[in-house]
Amino acid sequence: MNQFETCDNREELERQYKYLELLKKVVADLKELKNRDITACVETFGCQMNARDSEKISGILKSAGFKVIEDENADLTIYNTCSVRDNANQKVYGRLGRLSTFKKQNPDMKVVLCGCMTQEECVIEKLCTSYGFVDLIFGTHNIYRFAEYLFYVYEGIENKEFDDSDANLYKKGNTIISHWSETKVICENLPIDRKYPYKSGVNIMFGCNNFCTYCIVPYVRGRERSREADEIIKEIENLVKDGVIEVMLLGQNVNSYGKNLENPISFAELLRRVEKIEGLERIRFMTSHPKDLSDELIEVIKNSKKICHHIHLPLQSGSSRILKKMNRVYDKEKYLDLALKIRREIPDISITTDIIVGFPCETKEDVDDTIDVIKKVGFDNAFTFIYSKRTGTPAAEMPQVSEEFVKEQFDRVLKCVQETAREQVVKIEGQTLPVLVEEVNKQDESLLTGRLENNTIVHFKGSEDLIGKIVNVKCLECKGFYYFGEMI
Ligand code: 5AD
Ligand code: SF4
């Protein structure tokens with residue numbers, strides 16, 4: 001297939017392929033000079049969006065001729081960062097110290113930082129003043145220009161090959177920086193190095209317009225931009241040709257997919273189109289904002305043979321008072337009505353969620369409401385987070401609660417989540433269900449690990465050649481969020 005055949009932005013794409021060719025030459029020369037492979041390592045922090053972006057980075061690296069390895073002590077190390085909670089930022093600063101030691105031992109080593117953290121100007125400043133050994137900084141909007149930027153790292157910023165080069169590109173000390181605060185451009189279809197041959201994430205939209213008051217994502221990922229449905233379908237068709245049987249449609253809020261397109265289309269309609277792709281067996285999506293989840297979508301999931309019966313529906317808080325302060329646009333009753341309607345319409349669906357504990361002004365009574373919702377919905381799993389103050393978000397200016405209070409409340413919520421999840425997950429004990437085999441179990445290599453359609457993990461005995469296949473497994477022993485089973 002011609003690489004430009006399916007493309008969201010042909011001009012940008014062609015330009016990046018030119019830089020990729022130049023980069024190939026740089027890497028080939030380096031290999032010859034050192035008489036060995038030139039290694040690169042990509043370290044991913046954060047969510048599925050970042051994981052997908054890292055596949056794009058790794059795709060460029062492999063095409064350019066780098067040997068991609070898992071050891072950070074490489075010729076080129078890239079941190080694809082997350083900034084959703086402060087501990088993610090701190091982790092990166094901590095790990096950078098180690099990279100500076102590696103760089104002292106290998107002065108030719110290059111260090112690159114990208115992702116959500118480097119969308120923040122204060123982070124760029126801090127990196128320039130205290131981490132001057134970093135060679136390149138770019139963000140989330142301009143990731144598709146990675147080949148171009150990396151070429152400058154090796155050949156110098158003066159060496160811009162084409163007139164229309166990046167106007168935001170500059171050098172501070174030894175660091176090359178390109179910071180884009182916003183973009184309308186979508187540029188897909190550069191090489192991608194998929195982590196799994198049989199499943200893949202597919203970006204259907206970028207950015208978020210919701211501005212939940214605690215969340216930094218709209219500031220670092222920009223406004224909502226949907227990809228054209230035709231482009232998405234073409235990408236998935238090509239993935240299927242390449243052996244993929246499961247796709248995860250990715251967006252910060254997939255339920256508002258398509259609203260800003262010239263010819264608007266609903267997420268439910270997109271799913272109907274994806275479902276028709278022959279050879280594709282499982283369709284997942286994430287994340288669904290409760291405020292936009294339509295009856296049409298519930299109908300589509302209910303009637304589909306391919307869309308997995310799992311929905312990730314972030315609750316954040318069960319208290320209407322706190323939800324209002326969070327700008328979530330639904331209240332406790334509305335969330336409960338929606339979740340219970342989904343359970344009624346699709347009885348075997350699993351519902352998972354995100355919960356934040358310790359949001360400003362939160363009281364024990366507010367947490368009681370959260371626990372009430374957890375019990376009434378009976379989540380199959382819940383990711384529980386301690387609220388993290390993000391500078392620049394409205395919640396950072398609200399009265400914060402004490403650490404001691406948060407810890408107590410967090411433990412209460414976690415205990416409740418664990419109990420209700422077990423009650424939910426145990427319901428399928430004894431059933432034989434299809435499992436997509438994902439990998440050899442990391443702790444016990446005699447076991448395989450796979451996922452049920454409802455996203456529950458099952459470990460069972462089997463041979464490695466089953467990876468990527470769907471097999472029937474009897475769910476024997478419920479261990480809380482996961483099962484031990486037996487292949488039938
Ligand atoms: N503090 C804690 N958790 C947060 N999340 C987003 N922002 C914050 C924050 N400032 C959580 C939300 C979201 C998940 C991806 O991360 O629960 O759904
Ligand atoms: Fe953040 Fe809210 Fe957007 Fe999710 S919907 S990314 S929590 S602002």
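Atom set for the values below is all heavy atoms of this structure, side chains included, hydrogens, waters and symmetry mates excluded. Remember, it's 1-based here, ligands and their atoms both numbered in the order they're listed.
- Counting atoms of ligand 1 from 1 in the listed order, those under 4.0 Å from a heavy atom of R85 are 1 (N), 2 (C), 3 (N), 4 (C), 5 (N), 11 (C), 16 (O).
- Here the closest heavy-atom approach between residue S350 and residue R343 is recorded as CA-NH1, 4.4 Å.
- Closest protein heavy atom to atom 1 (N) of ligand 1: S388 N, 2.9 Å.
- Residue contacts with ligand 1 for V84 involve both N, CA, C or O and side-chain atoms from C-beta outward (heavy atoms, distance under 4.0 Å).
- When non-hydrogen atoms are compared, ligand 2 lies under 4.0 Å from neither the backbone nor the side chain of R221.
- The closest non-hydrogen atom to atom 1 (Fe) of ligand 2, taken over C215, S256, S288, G251, comes from C215.
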Under the criterion ring-ring contact (aromatic ring centres under 6.0 Å, His included), I'd like the reasoning laid out for Y482 against H459: C-alpha separation, chi angles, the key distance, then a yes or no. CA-CA 8 Å; Y482 64 95; H459 307 292; 5.3 Å; yes
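- No part of P314 comes within 4.0 Å of ligand 2, judged by heavy-atom distances.
- Ligand 2 places these atoms under 4.0 Å from at least one heavy atom of H289: 5 (S).
- Close contacts of ligand 1 with Y387, meaning ligand atoms under 4.0 Å from a residue heavy atom, involve 1 (N), 2 (C).
- When side chains are defined from C-beta on, S288 counts as touching V254, because their heavy atoms get closer than 4.5 Å.
- Put simply, C212 gets within reach of atom 2 (Fe) of ligand 2, with an N, O or S atom under 2.8 Å from it.
- When hydrogens are left out, the protein atom nearest atom 7 (S) of ligand 2 is Y214 OH, 3.3 Å; that is the closest non-hydrogen contact.
- Between I177 and K172 there is a side-chain heavy-atom pair separated by less than 4.5 Å.
- The side-chain tip of K126 points at the ring of Y93 from less than 6.0 angstrom away and within 45° of straight on.
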- Task: Report the C-alpha distance between S54 and N80 in whole Å, list the side-chain angles of each, state the deciding distance to 0.1 Å, and finish with yes or no for side chain to side chain donor-acceptor pair (under 3.5 Å).
- Result: CA-CA 7 Å; S54 287; N80 186 10; 3.0 Å; yes
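- The shortest contact between atom 18 (O) of ligand 1 and any protein heavy atom is with D354 OD2, 2.7 Å.
- Those atoms of ligand 1 that come under 4.0 Å of a heavy atom in I356, given as number and element, are 3 (N), 4 (C), 5 (N), 12 (C), 17 (O).
- If you number the atoms of ligand 1 from 1 as listed, the ones under 4.0 Å from a heavy atom of F385 come out as 3 (N), 11 (C), 14 (C), 16 (O), 17 (O).
- Inter-residue side-chain proximity for V92 and N89 is flagged as unmet; no heavy-atom pair is nearer than 4.5 Å.
- Scanning the protein for heavy atoms near atom 5 (S) of ligand 2, the closest one is N210 ND2, 3.4 Å.
- For K199 and Y196, the positive end sits near the middle of the six-membered ring, less than 6.0 Å away and at most 45° from its axis.
- Between S304 and the choices H309, E299, E275, the side-chain hydrogen bond (donor to acceptor under 3.5 Å, both in side chains) rule is met once, by E275.
- At a heavy-atom cutoff of 4.0 Å, ligand 1 is contacted by no atom of T287, backbone or side chain.
- Of the heavy atoms in Q316, only side-chain atoms (C-beta onward) come closer than 4.0 Å to ligand 1.
- Within the listing of ligand 2, atoms 8 (S) sit less than 4.0 angstrom from a heavy atom of P218.
- Annotation: atom 3 (Fe) of ligand 2 to nearest protein heavy atom, C208 SG, 2.3 Å.
- Here F211 has backbone heavy atoms under 4.0 Å from ligand 2, and that is the only part of it that gets that close.
- The ring of Y387 has its center no closer than 6.0 angstrom to the ring center of Y214.
- Residue I386 has at least one heavy-atom neighbour below 4.0 Å for each of these atoms of ligand 1: 1 (N), 2 (C).
- Here R390 pairs with D86 in a salt bridge; the nearest charged N to carboxylate O distance falls below 4.0 Å.
- Counting only distance, with no hydrogens or angles, the side chain of N260 and the backbone of E224 share a donor-acceptor pair below 3.5 Å.
- Using a 4.5 Å cut-off on side-chain heavy atoms (C-beta onward), R52 and I192 make contact.
- For Y214, heavy-atom contacts with ligand 1 shorter than 4.0 Å involve the backbone as well as the side chain.
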